[in-house]
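Just follow the structure's listing: the first ligand is 1, and inside any ligand the first atom is 1.
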Amino acid sequence: MTSLTRADWEQRAKNLKIEGRAFVHGEYRAAVSGATFECISPVDGRLLGLVASCDLADAELAVADARATFESGVWSRMAPAQRKGVMIRFADLMDQHAEELALLETLDMGKPISDSLGVDVPGASRAIRWSGEAVDKIYDEVAATPHDELGLVTREPVGVVAAIVPWNFPMIMTCWKLGPALATGNSVIVKPSEKSPLSALRLAQLALEAGIPAGVLNVLPGFGHTVGKALALHMDVDTLVFTGSTKIAKQLMIYAGESNMKRVWLEAGGKSANIVFADAPDLKVAAEAAAAAICFNQGEMCTAGSRLLVERSIKDQFMPMVVEAMQGWKAGHSLDPDTKVGALVDAGHLSAVLGYIDAGHADQATLLCGGKRTLEETGGQYVEPTIFDNAHNAMRIAQEEIFGPVLTVIAFDSTEEAIQIANDSIYGLAAAIWTSNLSKAHLAAKALRVGSMWVNQYDGGDMTAPFGGYKQSGNGRDKSLHAFDKYTEIKATWIKL
Ligand code: NAD
Ligand code: MN
């Protein structure tokens, strides 16, 4: 896909222009207060630049601008077919700037450059393109009224949307929100994570270049407790969409209740069970998928297969296969095109992950591989992919989201026990089962309380299917036409004939 070497990427990184200012009404500008914070790369510790530290004053400006732009109709009343054209141009521009966007993403949050280029940029542009393509193909409804009445059921954009997003897939998470929000005519304020603000700031300029009018997409970098909180409490934000931790998701519901009852849609954490039955069609394939499920994106995945549940009768045969598969997922320098596991997002997160490894030891789970920080000489934040066997579901490493490449293995004896363990979690984001038995697959899939269910695979998904969680993993769905529900109000209009 790319023939660029690590040296090429290093060279480009040196010449890369870093824009850290906020983006309001089509222009970059410093925070009202003038405050900035340092953006440090977890890849090697280099200072990438200074980023605007926005707060309440910036939120006031951006919300007022987004509101005025929405009311002007310049975007909200543009014909859907025309909005579609602009969205497709935006997606095309993202693809044309793929290498620059990928480099920004990798330098900012540490994921392997090959993933940024092969997964994140195409995933993000697809979300924009798919949503844009859909918007002139959706019809409203006519109610089944008596003969002398007409009942119209129409969808309208909600108005001003605030999107607070995390750092693990900065561009993709931003675009899962932006796609349906923009396609349906809203004005949007994006608050990227303070750990990964750079790609969203660049996207805003590409959106403007594509023809999305100034004020329709504003980006406010800064911290959660300052600008994030200001947006969540704002009386003129109609809808708040969020991806991030369950802890903050709960707080956002409180903010909405304390302010204007804005709609709140949440994609939060997970502790997904990957259940391997003795009758799995191919244990080697299952073992490879189990390793990928915890190592891809450094395990910084809401859907990470972080609990591996293995039927006891095959466990001695299966676990060496998983350990072997993990050898293919060594941590490496994030700018090396062959690297599959890059740097964790920052030093604080690395120490949190190492803290969970300590907890695994303290609870006397059995370390099968990994367990240590690595590549310290790079100045970056790397950890070895790690497996703890002989765990049980009450351990901290089985209940809490580690958000790193640390796999917790639990044995089970029956289908009922596997389902009971899998559902014994505050989360309900995803699960996988591996079996050749059709009835068992369907019955288990029904019994597992999760938003995404995989059978004989891990992590399937696409823009065409909804994504989101049960229980404390969130509410509502991103992706697919179901996502449009978050960004539209339904109006019933009655006409007497
Ligand atoms: P986080 O909750 O700490 O932060 C998410 C965002 O919320 C950031 O932009 C942050 O600045 C902001 N924020 C923090 N405090 C805030 C406050 N008081 N008011 C308003 N905004 C505030 O999460 P994170 O560490 O960035 O991301 C990791 C989490 O995201 C994990 O729990 C992971 O499971 C979850 N996640 C979920 C999905 C999903 O789709 N379900 C996808 C990716 C990540
Ligand atoms: Mn960063």
Side-chain angles (χ1 to χ4, degrees), residues 18 20 37-43 45-49 51 53-54 59 104-111 162-170 172-174 176-177 190-200 220-234 237 240-256 264-272 297 299-304 306 334 343-349 352 381 400-404 426-430 450-452 461 466-479 483:
I18 302 285
F37 63 94
E38 287 188 342
C39 184
I40 308 239
S41 176
V43 172
R46 86 179 74 181
L47 175 67
L48 291 168
V51 174
S53 186
C54 294
L104 277 174
E105 200 84 315
T106 286
L107 289 172
D108 205 357
M109 59 68 66
K111 71 173 66 198
I164 300 181
V165 292
W167 48 263
N168 62 337
F169 290 89
I172 290 186
M173 293 301 117
T174 299
W176 282 6
K177 314 295 187 199
V190 174
K191 207 300 276 175
S193 169
E194 59 278 11
K195 297 177 183 179
S196 61
L198 301 180
S199 55
L220 299 182
F223 293 89
H225 61 273
T226 56
V227 66
K229 181 177 175 182
L231 289 168
L233 279 170
H234 203 288
V237 168
L240 175 60
V241 290
F242 172 79
T243 296
S245 63
T246 293
K247 175 170 169 252
I248 302 301
K250 291 181 178 183
Q251 185 59 47
L252 297 182
M253 298 178 97
I254 294 171
Y255 291 150
V264 185
W265 299 104
L266 307 162
E267 304 282 358
K271 192 73 190 177
S272 300
N297 212 52
E300 295 167 328
M301 292 274 290
C302 49
T303 53
S306 50
S334 305
L344 299 183
V345 71
D346 65 11
H349 187 53
Q381 312 298 328
E400 297 178 25
E401 186 176 43
I402 299 173
F403 228 56
I426 63 165
Y427 299 112
L429 196 56
V450 295
S452 291
F467 177 85
Y470 284 28
K471 300 197 278 184
Q472 293 184 42
S473 289
N475 63 339
R477 295 294 180 266
D478 281 337
K479 306 165 76 178

For Ser196 against Met109, the heavy-atom pair lying closest together: CB-CB, 4.3 Å
Minimal non-hydrogen separation, Met301 against Glu401, with atom names: O-OE2, 4.4 Å
Donor-acceptor pair between Gln251 and Lys229 side chains, under 3.5 angstrom: no
Partner of Cys54 by side chain to side chain contact (heavy atoms under 4.5 Å, CB included), out of Leu220, Thr226, Leu231: Leu220
Set of ring pair (Phe, Tyr, Trp, His ring centres under 6.0 Å) partners for Phe403, sequence neighbours left out: Trp167
Over 12 non-hydrogen atoms of neighbours within 6.0 angstrom of NZ in Lys479: yes
Distance flag, aromatic centroids of Phe169 and Trp176, threshold under 6.0 Å: no
Rounded distance (nearest 0.5 Å) linking atom CD of Glu300 with atom NZ of Lys111: 8.5 Å
Salt bridge (Lys or Arg N to Asp or Glu O under 4.0 Å) partners of Lys195, counting only residues at least two apart: Asp346
Environment of the Mn ion (ligand 2) in terms of protein N/O/S atoms, cut-off under 2.8 Å: Asp108 O, Asp108 OD1, Lys195 O
Polar pairs, ligand 1 vs protein, N/O only, below 3.5 Å.
from: ligand 1; atom 1: 2 (O); to: Ser245; atom 2: N; distance (Å): 2.8
from: ligand 1; atom 1: 2 (O); to: Ser245; atom 2: OG; distance (Å): 2.6
from: ligand 1; atom 1: 9 (O); to: Val165; atom 2: O; distance (Å): 2.8
from: ligand 1; atom 1: 9 (O); to: Lys191; atom 2: NZ; distance (Å): 3.0
from: ligand 1; atom 1: 11 (O); to: Lys191; atom 2: NZ; distance (Å): 2.6
from: ligand 1; atom 1: 11 (O); to: Glu194; atom 2: OE1; distance (Å): 2.7
from: ligand 1; atom 1: 11 (O); to: Gly224; atom 2: N; distance (Å): 3.4
from: ligand 1; atom 1: 18 (N); to: Tyr255; atom 2: OH; distance (Å): 3.4
from: ligand 1; atom 1: 19 (N); to: Gly224; atom 2: O; distance (Å): 3.3
from: ligand 1; atom 1: 23 (O); to: Ser245; atom 2: N; distance (Å): 3.4
from: ligand 1; atom 1: 25 (O); to: Trp167; atom 2: NE1; distance (Å): 2.8
from: ligand 1; atom 1: 26 (O); to: Trp167; atom 2: NE1; distance (Å): 3.1
from: ligand 1; atom 1: 30 (O); to: Gly244; atom 2: O; distance (Å): 3.3
from: ligand 1; atom 1: 32 (O); to: Glu401; atom 2: OE1; distance (Å): 2.6
from: ligand 1; atom 1: 34 (O); to: Glu401; atom 2: OE1; distance (Å): 3.2
from: ligand 1; atom 1: 34 (O); to: Glu401; atom 2: OE2; distance (Å): 2.6
from: ligand 1; atom 1: 41 (N); to: Ala268; atom 2: N; distance (Å): 3.4
from: ligand 1; atom 1: 41 (N); to: Ala268; atom 2: O; distance (Å): 2.7

